[in-house]
Each structure stands twice: as structure tokens, then as C-alpha cells.
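One structure below.
All values reported here derive from a predicted model rather than from experimental measurement. In each ligand, atom 1 is the first atom listed, and ligand 1 is the first ligand listed.
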Amino acid sequence: MKVFKFGGASVKDAESIKNVGEILLKHEQDHVLVVVSAIGKTTNKLEECLNYLLSKDKLNYYHTLDSVHDFHIDIVAALFQDKHGKVFRFINEVFEQLKNKFNLPLAENHSFEYDQLVSLGEVMSSYIIHEYVCELGIKSQWLDARRLIRTDHHYQEANVNWDKSEGLITAKLESSVNNTNTFITQGFIGHTDEGFSTTLGREGSDYTAAIFAFCTNATEVTIWKDVPGMLNADPKYFKNTQLLTKISYREAIELAYFGASVIHPKTIKPLQNKGIPLYVKSFIDPEAIGTTIYTESEHDHIIPSFIVKKNQLLITISSADFSFINEDALARIFDIFYTLRLKINLMQNSALNFSVLVDGDKVNMQSLLINLSPTFLCKYNEGVELVTIRHYNQTTINQMVSNREILLEQRSRQTARFVIR
Ligand code: ASP
Ligand code: MG
């Protein structure tokens with residue numbers, strides 16, 4: 001079995017979905033399990049809907065839902081002839097349900113509501129793509145990840161139950177129709193023991209591909225992207241980027257963790273554990289070589305890589321009564337960050353201060369301040385940047401940070417990181 005993953009950008013409109021169809025036609029003779037994300041920016045839009053739902057803003061809730069509905073219907077209309085066919089009915093039913101949601105009581109746990117609503121983006125995209133490739137003559141079966149990937153109840157960032165998921169997935173594939181060679185399923189979503197939908201964290205579809213690969217002992221995973229593979233820097237900000245043609249799992253996980261947004265950092269571990277190679281390839285130029293992630297470090301093709309995370313918030317926490325930031329204080333601070341689901345991009349401490357860097361758009365400063373007080377005081381700098389240089393030297397450091405004010409820096413043998421403004 002091969003596993004393919006197509007992200008939101010690779011299915012952003014009807015033309016892109018046709019391109020996915022072409023790629024799948026070329027692999028018609030293989031056994032392929034295809035994981036897809038929601039179309040384009042649908043997940044963001046559904047998050048917006050959820051906020052309106054939670055704030056009981058009926059007008060904006062319906063208005064935003066309508067725009068997501070129209071967007072999907074336009075794509076379906078460009079892909080299918082029959083205006084009353086089952087894909088139209090499927091999409092219309094999803095939005096009927098969503099509209100009705102406004103009149104139903106809401107769970108106290110907003111993350112639960114998030115998962116029930118936002119998971120539908122992937123449900124719709126996978127169904128559209130499945131029906132579309134069937135029309136191309138591909139023997140495709142639609143798989144519902146809400147029956148196959150079993151998770152705990154940590155809504156919005158659910159943890160996979162590997163044994164149960166493996167059992168469910170293998171049973172499903174064994175019982176599937178003999179002549180199916182393409183399976184299409186959703187990224188990002190799973191389900192609890194009771195059958196409620198869960199999500200695996202934003203951008204989690206790559207991780208889903210790795211879960212299916214692990215559970216089916218796949219021979220390889222390909223993530224199809226709008227870039228030629230993993231590059232040593234983001235082409236949005238850098239001119240002369242280089243393709244990393246072959247890198248180790250270790251290098252890939254470090255780059256992803258530091259913020260190279262090409263693959264989700266959780267993707268690598270399941271693949272490394274089973275020795276499954278990961279290819280990152282361009283859906284625009286599918287024959288091009290791309291990146292192969294496999295092997296151990298000695299095969300690494302070491303060139304400096306640059307990762308820039310913009311819009312960071314540098315938060316400095318100190319104790320209100322001049323006590324040390326010791327293990328006990330750190331444990332309490334981490335507990336607050338964990339509860340508020342704040343991800344730390346970098347941290348550093350001194351006797352009296354603990355500094356952390358988080359994504360500026362993911363933090364609700366007010367609730368952080370409430371949670372930290374009265375024990376801790378807190379100061380922060382907005383709009384700073386985090387620059388990471390993997391395999392740095394003095395020249396690359398000068399290139400990245402000269403003429404900038406360095407607020408904080410850290411270096412290990414392989415990696416230099418700077419918080420600058
Ligand atoms: N659709 C989800 C998101 O945008 C998952 C993914 O694309 O990987 O976060
Ligand atoms: Mg995405």
C-alpha cells in the first residue's frame with residue numbers, strides 16, 4: 001500500500017481536484033490510500049462559523065456558512081454534470097445539519113463543539129474527490145476516518161489509540177471490495193470510543209497519512225505539495241532556495257519542529273518507527289524528484305537551512321515576590337500553558353525570569369495573565385521574529401541577524417536561534 005496526502009492547497013478549486021485525479025490515474029495500478037485535507041481555507045472558515053455559533057451570532061453564523069456552502073457547490077458544479085446528483089445532495093445535507101445546529105443546545109466543552117463542526121471540512125472534500133475519481137473510472141472506496149482512527153477525548157488535539165486504530169483499519173481494508181485499488185479518506189480527524197468526532201490539531205492531515213501508513217505497513221508515503229519538496233528556506237521570504245533531496249528522519253523532524261511548515265512535526269515518528277520512506281513532491285510537477293526522507297544522519301545532505309517564524313510574542317514571566325523560578329514554579333507555569341493549549345516555540349530561564357516565545361495569533365493574553373496572577377508577573381513584546389539556522393556558520397548568522405536587535409539567542413552545535421525585532 002502507498003499512502004498519498006493532498007493538503008488544502010492541492011485541492012483548492014475544481015482545477016486542482018482535476019489535477020489530483022490525473023495523479024491518481026497514473027497510479028491506478030497501485031494500491032493507494034489517499035488522505036485529503038479540507039478544500040483550500042475551509043478549516044479557517046469553519047473555525048469562524050464556530051466562533052459565531054458560540055457567541056450566538058445568528059446572522060454572521062448563517063452568512064459565513066452560506067459562503068462556505070456556495071464555495072463547495074461551485075466546485076461541485078464544475079466537476080459534475082448532474083445538478084441533482086448525490087454529491088450535491090451530500091453537501092446540501094451537511095449544511096442543513098450545520099444550520100440546524102444553531103437551534104440545538106451547545107456542549108460546555110467548546111473543543112468538543114469545535115471537533116464536531118470543523119471536522120466536516122475534510123468529510124466534504126474527501127467525498128467530492130472520491131466521487132470525482134469514480135467518474136474518471138478509478139475503483140475508489142470512500143473511508144470514514146471517524147470509524148477508523150480511534151482517539152482519546154482530548155478534543156482539538158486528540159491522541160491516537162494505536163492498537164485500536166490498527167485493528168479497525170486492518171479489519172476495514174480486509175473486508176473491502178476485492179477490486180478496489182484506491183481508498184480516499186480524511187486527514188485531521190478521528191473519533192472517540194463513543195463515536196464522537198475528534199481532530200488531531202491544525203495541519204494534522206500529514207499526521208493522518210503517517211497513522212494510516214503505520215497501521216497498514218505501507219511501503220511509502222508521499223505528501224504532494226505546491227513546492228518542489230523540502231527546501232532549505234521558505235521561498236516566500238528567500239530568493240535562492242535549495243531543494244533538500246535526501247534527508248534523514250532526524251533532520252526532517254528537527255526542521256519541522258523549528259517551524260518549516262512543509263510537514264507537520266508529528267508525521268515523522270510513526271514512519272521512522274516502521275522504516276517507511278516519506279517523499280515530499282510537487283503536485284504541479286509530479287515527475288520531479290522532490291525530497292526523500294529516510295535513512296540515518298550520515299546520509300544527510302548538510303546545507304544550512306533557514307526558518308523564520310514571524311508574529312511571535314516574547315513573554316517574560318517572573319515571580320511576584322522575588323522568588324526563584326525553580327522547578328516548582330516551572331511546573332506550575334507549564335501546567336498553565338498546557339491547560340491553555342499554548343505551544344512554546346522557544347524558552348529560556350534565569351534566576352528570576354522565564355521567557356517563552358509563542359505564536360502571536362494563538363495566545364489569549366488576557367486569560368494567560370489571569371491564570372498566572374497573582375503568583376507570577378508577566379511582561380511581553382509583540383511582533384518579534386524567531387530565526388532558526390540549522391547547520392549555521394558565522395556568515396549565515398550575519399546574513400540573518402545583522403542590523404537587527406537581538407532580544408534572545410540560543411546555540412547548540414547544529415542550531416542557532418535568535419529572537420529579533
Ligand atoms: N484542514 C486542517 C487544517 O487546515 C488539516 C490540514 O489541512 O492538515 O488545519
Ligand atoms: Mg492545510
Side-chain angles (χ1 to χ4, degrees), residues 3-13 16-17 20 33-51 64-65 67-69 71-72 75 91 94 98 110-111 113-130 143-146 148-149 151 154-160 184-191 197-214 221-227 230 252-253 256-257 259-271 278-281 283 309 341 343 359 361-362:
V3 176
F4 284 179
K5 182 263 177 174
F6 291 96
S10 61
V11 296
K12 68 178 193 299
D13 51 26
S16 312
I17 293 175
V20 169
L33 191 147
V34 184
V35 173
V36 300
S37 298
I39 298 181
K41 300 278 178 216
T42 301
T43 306
N44 293 358
K45 279 279 174 193
L46 292 176
E47 283 187 349
E48 236 179 83
C49 292
L50 178 85
N51 291 334
T64 316
L65 270 187
S67 75
V68 189
H69 189 179
F71 173 70
H72 280 79
I75 290 174
I91 301 297
V94 167
L98 286 176
H110 290 175
S111 295
E113 290 295 350
Y114 179 104
D115 286 2
Q116 310 319 303
L117 193 157
V118 175
S119 57
L120 294 172
E122 268 69 11
V123 172
M124 293 189 287
S125 64
S126 60
Y127 189 74
I128 295 171
I129 295 163
H130 155 74
L143 298 179
D144 191 342
R146 295 167 303 175
L148 300 174
I149 295 186
T151 69
H154 195 61
Y155 293 103
Q156 275 194 272
E157 191 96 37
N159 299 296
V160 174
I184 298 192
T185 192
Q186 309 79 38
F188 180 54
I189 70 182
H191 70 294
S197 301
T198 52
T199 64
L200 308 175
R202 283 304 306 266
E203 306 302 328
S205 296
D206 294 347
Y207 183 44
T208 301
I211 299 167
F212 274 103
F214 182 96
V221 174
T222 304
I223 296 185
W224 296 93
K225 303 281 303 181
D226 55 0
V227 287
M230 265 184 110
I253 208 165
Y257 173 79
S261 55
V262 176
I263 43 177
H264 192 286
K266 278 168 124 180
T267 314
I268 306 291
K269 178 183 184 291
L271 303 181
L278 171 61
Y279 304 112
V280 183
K281 283 166 118 353
F283 60 76
K309 277 169 100 61
R341 296 169 187 274
K343 294 238 162 72
D359 290 343
D361 57 350
K362 305 239 169 69

Which atom names give the shortest non-hydrogen contact between A9 and D226, and what distance separates them?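 Heavy atoms only, the tightest pair is CB-OD2, 4.0 Å.
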
Quick one: which of E47, R202, K5, H264 has a heavy atom closest to atom 9 (O) of ligand 1?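 Residue with the shortest heavy-atom distance to the ligand atom: R202.
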
G7 near ligand 1, heavy-atom distance under 4.0 Å?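 For ligand 1, residue contact (heavy atoms, under 4.0 Å) with G7 is absent.
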
Checking [X] side chain against [Y] main chain: does a donor-acceptor pair fall under 3.5 Å?
{"X": "E203", "Y": "H264", "result": "no"}
{"X": "E122", "Y": "S37", "result": "no"}
{"X": "H191", "Y": "I149", "result": "yes"}
{"X": "T185", "Y": "V35", "result": "no"}

Proximal ligand 1 atoms for E122, defined as those under 4.0 Å from one of its heavy atoms: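 Counting from 1, the qualifying ligand atoms are 1 (N), 2 (C), 5 (C).
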
Based purely on interatomic distance, does S205 place a nitrogen or oxygen under 3.5 Å from a nitrogen or oxygen of ligand 1?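 It does: an N or O of S205 is found under 3.5 Å from an N or O of ligand 1.
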
Please work out, at 4.0 Å between heavy atoms, whether the side chain, the backbone, both, or neither of S37 comes within that distance of ligand 1.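 The answer is the side chain.
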
